[in-house]
Amino acid sequence: MKLDSIICGDCTQVIKTLPDACVDCCVTSPPYNIGLDYGHTDDCKSRAEYLAFTRDYLAECYRVLKDDGRFCLNVGYTVSTVKTAGLDYIELLNLIKSIGYTIRETIIWVKSKRSGDPQSFCGSNTAWGSWMSAANPICRARMEFIFVLNKHSVKKNNRGTSTMTRQEFMDFASTVWYFPAERSRLHKAPFPVELPYRCIQFYTYHGDVVLDPFIGSGTTAVACVRTGRRYIGIEQNPDYIRMAEARIQQERQQLQAGRGI
Ligand SMILES: C[S@@+](CC[C@H](N)C(=O)[O-])C[C@H]1O[C@@H](n2cnc3c(N)ncnc32)[C@H](O)[C@@H]1O
């Protein structure tokens, strides 16, 4: 198993090549099955296909996680909205539990324009439903979930070095996180580095191995380099992998420049 690399392929197949219990933490945001064009997939599965796909990658991640492994799973308010495959978070959580995971925390990520400011929401979604009428008004989703899961042991089995600052610990030890969403013209649906950064700082030790089976533009790997963790990424679209490698190299150069190397 090669650490600090991104493997090109379908993660449900690629993870099968990884040994059991080799990963300390999974951090990922899967395709939401909402019809985004990711180049190599149409993101538009039927309900049965999406359920089977979700079960498959969750079960494989479970196998490769260590006994005390954790999984930070970022999903939208509605997990999949394609009409034929509508899947809500209750169904997702039931699926998660049926595989064997336990739910450690549910963190609400509020997409605020300014970090820490709960009043300034990102986005200009104007899908109001019925405007100023009780006929059929719709709440706009201002948040996403981060479900934090345990494999078995709730506590880490070994001692290690945590790298978060006191202020980070205070900020991250909350079930509500406020920071802006990422806007990118290069990838269809990236999350901001802040998201994997927080998960990694809070839930892993220095040197731990982090897997992102849907690594896209490499955001989780950037957070790993920044925090001194090892990463394994999987991505189906080779153009995204090229983008990820460039970001990782830039992050390493910035770190070296910062240390005066
Ligand atoms: C929501 S995006 C993740 C974006 C990533 N967090 C980032 O910041 O760039 C989902 C990614 O999964 C990839 N993908 C979709 N199906 C896949 C599969 N079966 N195996 C591996 N990657 C897949 C898509 O190409 C897309 O880049």
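Note: hydrogens, waters and symmetry copies are ignored here, and every other heavy atom, side chains too, is used. Order of appearance sets the numbers: ligands from 1, and atoms from 1 within every ligand.
Heavy-atom separations between Asn74 and ligand 1 are all 4.0 Å or longer. The closest approach between any non-hydrogen atom of Pro192 and ligand 1 is not below 4.0 Å. Heavy atoms of Gly9 come nearer than 4.0 angstrom to ligand 1 in at least one pair. Heavy atoms of Asp10 approach ligand 1 to within less than 4.0 angstrom.
For Asp208 and Lys156, the salt-bridge test passes: some basic side-chain N is under 4.0 Å from an acidic carboxylate O. Under 4.0 Å is where a charged nitrogen must lie from a carboxylate oxygen, and between Glu251 and Arg247 no such pair does.
Of all the heavy atoms of Gln236, the ones lying under 4.0 Å from any atom of ligand 1 are found in both the backbone and the side chain. Of all the heavy atoms of Tyr32, none lies under 4.0 Å from any atom of ligand 1, so neither backbone nor side chain is involved. Counting heavy atoms under 4.0 Å from ligand 1, residue Pro213 touches it through the backbone alone.
Taking every heavy atom of Pro31 and a limit of under 4.0 angstrom, the matching atoms of ligand 1 come to 15 (C), 16 (N). If you number the atoms of ligand 1 from 1 as listed, the ones under 4.0 Å from a heavy atom of Ser217 come out as 7 (C), 8 (O), 9 (O).
Remark: Lys151 fails to qualify as a cation-pi partner of Phe71 under the 6.0 Å distance and 45° angle criteria applied to the six-membered ring.
By heavy-atom distance, the residue among Ala189, Ala244, Ser29 lying nearest atom 10 (C) of ligand 1 is Ser29. Considering each of Thr219, Ile241, Asn237, Val222, the one bringing a non-hydrogen atom nearest atom 7 (C) of ligand 1 is Thr219. For the residues Phe53, Tyr57, Phe191, Tyr240, the heavy atom positioned nearest atom 6 (N) of ligand 1 is part of Phe191.
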